[in-house]
2 protein chains.
Amino acid sequence: MREAMAPKAEKTTATPALPGLDDLVGYHLRRASIVDLQGASAALEAVRSRPVPFSVLSCIVERPGISAAEICRVLGMQRANIVSILAELEERGLFLREADSRDNRIQRLFPTRHGQDVAAQGIERVAQHEEVLLQHLSVEERHELRRLLAKIWQ
Amino acid sequence: MREAMAPKAEKTTATPALPGLDDLVGYHLRRASIVDLQGASAALEAVRSRPVPFSVLSCIVERPGISAAEICRVLGMQRANIVSILAELEERGLFLREADSRDNRIQRLFPTRHGQDVAAQGIERVAQHEEVLLQHLSVEERHELRRLLAKIWQ
DNA sequence: TATTGTTATACTCTATAACTATA
DNA sequence: TATAGTTATAGAGTATAACAATA
C-alpha cells in the first residue's frame, strides 16, 4: 500500500524488458500448489494422513504388488524418504509386505481392505477439495490445466 | 477380453467413478511445482539465493519502501518466517532498513544497487530456466497456464 | 485491542551419503 | 557392479504460540 512518498531518489530507471516475479509461471505454480496442498492436507485429516503418505498409499492400492523402489520412481521421491512413511502406513494396517519369490531384495506391497477403504475415502475428500479449488475453472479449463501441468513434469 | 459369464467380483470390479492419483489436478500441480523448484533453485545458485529468499528480495526491489509485514501478505507467508530471510539478505547488503517516520513499529525496506543487480540477475536466470521448463509449451499455452494458475490462488 | 517485528519451536517434505544384503 | 531397503542427517519451507514495543 502507499508509495511511501519517494524516499530519496533512484527508483530504478524504468525496467521495461525485465520480467517481474508475477511474470514467472513458476511463481504462480508455487502459489497455486501451496493453496492446493493446504486444502488437500485439511481434506486428508479425515483419514489421518498427509499428501505424501497418502500418495504412497494410493500407489499401493492402485498397483498391488508394487515395491518401495518402484513407488519412489513413480512418485519421484528418494528411497530414503519412503521408509518412515511405509512404517507408519504398515503400523496402521493399511498394507502388508510380502517377500518377492524370485528376488529377496524386494518386498512386494499389498493393500489391506482397510487400506483400500482409507485410500478411497481420501481420494473422495481430496476430490471434494479440488472441486472448491477449481470452482472458477470450467471443465475444459481443468482438463487443459492438467494437460499442461503433465506436459511440464512428465 | 473374457466377458460373458458374468464375472463374480474379482480383480477390481471396474472402478469407473473412483478417481486415481493421476486424475487429481493437485497431483500434477505438485509434481510440476517440484520440477520447477528444482530448476529454479539451481538457477538461483548463480546469485547464491533460494526461491523464497529471492522472492522476498524481488518484492523489495519491485516495491521499494515495502514493510516486512506487507511482503508477507504479498507472498502469503508468515511474519515469523521472514525474519531470518531478511537478516540474511541484509547481511549481504542487498537492502537497507529505514524507520517509518509516522509509525515506529514499521521498518521500510529499500534495495541497494547491489540488491537490484542480484534481483535482475536472478530473474534472468530463472527466466532462462523457465524457457527449458516450458519448452514443449507454445507461447499461447504458457499464457493460458499462467492465467489458470493465477485463477486458483488469487 | 490490534499490528509489527521477533524468538522459539515443530512439522512436512526433499536431499545426500553411506551401510547391508542381495543379485 | 548394480539394486533394494535402510539409517542418519541436513536443509528448505511452512505453521503456531507467545512476547515487547507501538499504535
Side-chain angles (χ1 to χ4, degrees), chain A residues 1-2 26-27 29-42 44-45 48-56 60 65-90 95 97-109 153, chain B residues 26-27 29-42 44-45 48-56 60 65-90 95 97-109 153:
Chain A
M1 48 215 262
R2 286 97 66 190
Y27 172 67
L29 204 46
R30 177 185 187 71
R31 295 298 299 266
S33 183
I34 290 175
V35 172
D36 172 64
L37 259 300
Q38 291 172 335
S41 296
L44 288 172
E45 283 180 10
R48 293 191 302 148
S49 195
R50 298 271 313 155
V52 174
F54 179 73
S55 296
V56 170
I60 299 174
I66 195 175
S67 72
E70 284 166 352
I71 293 174
C72 289
R73 282 191 287 269
V74 168
L75 295 182
M77 56 190 297
Q78 303 300 315
R79 289 202 311 279
N81 295 329
I82 205 177
V83 178
S84 61
I85 291 171
L86 286 177
E88 181 199 327
L89 295 175
E90 185 180 31
F95 80 92
R97 309 191 197 222
E98 185 177 305
D100 186 280
S101 55
R102 295 170 183 169
D103 190 335
N104 283 329
R105 293 174 303 183
I106 300 174
Q107 300 173 351
R108 305 236 157 254
L109 315 182
W153 72 267
Chain B
Y27 173 67
L29 204 47
R30 176 184 188 72
R31 295 299 298 267
S33 182
I34 290 176
V35 172
D36 172 65
L37 260 299
Q38 291 171 333
S41 296
L44 289 173
E45 284 180 9
R48 294 190 303 149
S49 196
R50 298 268 314 155
V52 173
F54 179 73
S55 297
V56 170
I60 298 174
I66 194 173
S67 71
E70 284 166 352
I71 293 175
C72 289
R73 282 190 288 269
V74 168
L75 295 182
M77 56 191 296
Q78 302 300 313
R79 287 199 315 278
N81 294 330
I82 206 177
V83 178
S84 61
I85 290 171
L86 287 178
E88 181 199 327
L89 295 175
E90 184 180 33
F95 80 93
R97 309 191 197 221
E98 186 176 304
D100 185 280
S101 56
R102 295 170 183 168
D103 189 334
N104 283 329
R105 294 173 302 181
I106 300 175
Q107 300 172 350
R108 303 238 158 252
L109 315 182
W153 71 267

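Below, chains carry the letters A, B, ... as their sequence lines are ordered, and counting in each starts from 1. Everything numeric here is computed off the predicted structure, so don't read it as measured data.
In this structure, the CD1 atom of A:Ile85 is 15 Å from the C1' atom of D:dT7, given to the nearest Å. A:Arg97 has its CZ atom 15 Å from the P atom of D:dA4, to the nearest Å. Atom-to-atom, CD of B:Glu88 to P of D:dG11 comes out at 13 Å; the value is rounded to the nearest Å. To the nearest angstrom, P of D:dG13 lies 13 Å from CZ of B:Phe54. B:Leu75 has its CG atom 13 Å from the C1' atom of D:dT14, to the nearest Å. In this entry the distance linking CZ of B:Arg30 with P of D:dT14 reads 12 Å, nearest Å. At whole-Å resolution of the value, CZ in B:Arg102 and P in D:dA21 are 25 Å apart. The separation between A:Met77 atom CE and D:dA4 atom P is 15 Å, rounded to whole Å.
You'll find a donor-acceptor pair under 3.5 Å spanning the side chain of B:Asn81 and the base of D:dA15, going by distance alone.
Along DNA chain D, the nucleotide closest to A:Ala80 and the one closest to A:Gln38 are compared, and the more 5′ of them pairs with A:Ala80. Of the two residues near DNA chain D, B:Gly76 and A:Leu86, the one whose nearest nucleotide lies more 5' is A:Leu86. If you find the closest nucleotide of DNA chain C to A:Pro53 and to A:Asp103, the one lying nearer the 5' end belongs to A:Pro53.
Remark: A:Arg79 is not in phosphate contact with D:dT6, judged by side-chain N or O atoms under 4.0 Å from OP1 or OP2. Proximity of A:Arg50 to the phosphate of D:dA15: no side-chain N or O atom is located under 4.0 Å from OP1 or OP2.
Residue B:Val52 is classed as a sugar-phosphate contact, given heavy-atom separations below 4.0 Å to backbone atoms only. Counting any heavy atom pair closer than 4.0 Å across all strands shown, A:Ile34 reaches sugar-phosphate atoms only and no base atom. At a threshold of 4.0 angstrom between heavy atoms, the contacts of A:Ser41 with the nucleic acid are absent.
Residues that satisfy the ring-ring contact (aromatic ring centres under 6.0 Å, His included) test with A:Tyr27, not counting sequence neighbours, are B:Trp153. Scanning for salt bridge (Lys or Arg N to Asp or Glu O under 4.0 Å) contacts around A:Arg79 gives an empty result, with sequence neighbours left out.
Annotation: the span from B:Ser33 atom OG to A:Arg31 atom CZ amounts to 12.0 Å, rounded to 0.5 Å.
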Would you check, one step at a time, whether the test side-chain contact (heavy atoms from CB on, under 4.5 Å) holds for B:Leu89 with B:Leu109? CA-CA 11 Å; B:Leu89 295 175; B:Leu109 315 182; over 6 Å; no
Could you walk me through whether B:Arg50 and B:Glu88 pass salt bridge (Lys or Arg N to Asp or Glu O under 4.0 Å), step by step? CA-CA 11 Å; B:Arg50 298 268 314 155; B:Glu88 181 199 327; over 6 Å; no
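The span of DNA chain C lying next to chain B, judged by atoms under 4.0 Å from heavy atoms, is bounded 5' to 3' by C:dA2 to C:dA15.
Contact annotation: the side chain of B:Met77 approaches that of B:Val52 to within less than 4.5 Å [non-hydrogen atoms, C-beta and beyond].
Look at B:Arg105 and B:Asp103 and you find a salt bridge, because one of the NZ, NE, NH1 or NH2 atoms lies within 4.0 Å of a carboxylate O, short of that distance.
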